[in-house]
K.L.:
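The following block contains the structure, expressed as structure tokens.
Atoms considered below: every heavy atom in the structure, side chains included; atoms not considered: hydrogens, waters and symmetry mates. Counting begins at 1 with the first residue of the sequence.
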Amino acid sequence: METFTLARVIHVIAVILWIGGVSMVTTVIIPAVKKLKSKEDQIKTFEALEGKFAIQAKVTTLLTGLSGFYMLYVFDAWDRYFDYRFWWIHAMTLVWVLFILILYVLEPLILHKFFEKYVEENPSKTFSILHKAHWFLLILSLITTAGAVAGSHGWFFIK
């Protein structure tokens, strides 16, 4: 059980750093960047800050997934995917897959190129779309986190 406890500690800390970082980008960094006067300052500042967070996000999402799936394995809790009362496990997996897809596939292969192209043409619109996407991901992550905390402590919203 000591390895399970370690996995849970890693899982919780990784989620705090990951979703906390998404919150920081969504509520502080993007709004501050949008207020910068020049397009060049907006792009330079956002890419410098986002680049640093991207590394943290990649590491913490990977740790979150590894520790989460390890805990499911140890408890042999795979059957929870077939029980709608454990909707929060589905939500955690969905959020994790979504972020892994964005961070490891879409961002490096597609999104970065789109950002570079469209931010030059229309920075205001580009940052607005980026901000809305971050708000969506943050709200989805917070709903999932609330459900996971409640559900893992026996508080099922669905009977």
K.L.:
Just by distance, do the side chain of Lys39 and the backbone of Pro123 share a donor-acceptor pair under 3.5 Å?
P.N.:
no
K.L.:
If you compare all heavy atoms of Ile89 against all heavy atoms of Arg80, which two are closest, and at what distance to 0.1 Å?
P.N.:
CD1-CD, 3.6 Å
K.L.:
Under 3.5 Å, which donor-acceptor pairs link side chains of residues 59-69 to any protein atom two or more places apart or in another chain?
P.N.:
unit_1, atom_1, unit_2, atom_2, d
Thr60, OG1, Gln56, O, 2.8
Thr60, OG1, Ala57, O, 3.3
Thr61, OG1, Ala57, O, 2.8
Thr61, OG1, Lys58, O, 3.1
Thr64, OG1, Thr60, O, 2.7
Ser67, OG, His11, ND1, 2.9
Ser67, OG, Leu63, O, 2.7
Ser67, OG, Thr64, O, 3.1

K.L.:
Got a list of side-chain donor-acceptor pairs under 3.5 Å for residues 16-24, not counting sequence neighbours?
P.N.:
none

K.L.:
Give a yes or no on whether Phe114 atom CZ has more than 12 heavy-atom contacts from other residues, nucleotides or ligands under 6.0 Å away.
P.N.:
no
K.L.:
Could you identify which residues cluster with Leu36, counting Ile, Leu, Val, Met, Phe, Trp and Tyr as linked when any side-chain heavy atoms lie under 4.5 Å apart, either directly or through a chain of such contacts?
P.N.:
none
K.L.:
Treat each ILVMFWY residue as a node, draw an edge where side-chain heavy atoms are under 4.5 Å apart, and state whether Trp135 and Leu111 are in one component.
P.N.:
yes
K.L.:
Check the hydrophobic clustering (I, L, V, M, F, W, Y; side-chain heavy atoms under 4.5 Å; chains of links allowed) and say if Leu103 and Phe136 are grouped together.
P.N.:
yes
K.L.:
Looking only at heavy atoms, which two atoms of Leu49 and Ile29 are closest? And how far apart?
P.N.:
CD1-CG2, 3.9 Å
K.L.:
Do Trp87 and Phe82 share a hydrophobic cluster (ILVMFWY, side-chain heavy atoms under 4.5 Å, transitive)?
P.N.:
no
K.L.:
Are the side chain of His131 and the backbone N or O of Thr26 linked by a donor-acceptor pair below 3.5 Å?
P.N.:
yes
K.L.:
If you draw a 6.0 Å radius around OH in Tyr104, do more than 12 non-hydrogen atoms from other residues or ligands fall strictly inside?
P.N.:
yes
K.L.:
I'd like to know whether the aromatic ring centres of Phe4 and Tyr70 sit less than 6.0 Å apart in this structure.
P.N.:
no
K.L.:
For residues Ile43 and Glu120, report the shortest heavy-atom separation together with the two atoms involved.
P.N.:
CD1-OE2, 3.5 Å
K.L.:
Between His134 (side chain only) and Leu130 (backbone N and O only), is there a donor and an acceptor less than 3.5 Å apart?
P.N.:
yes
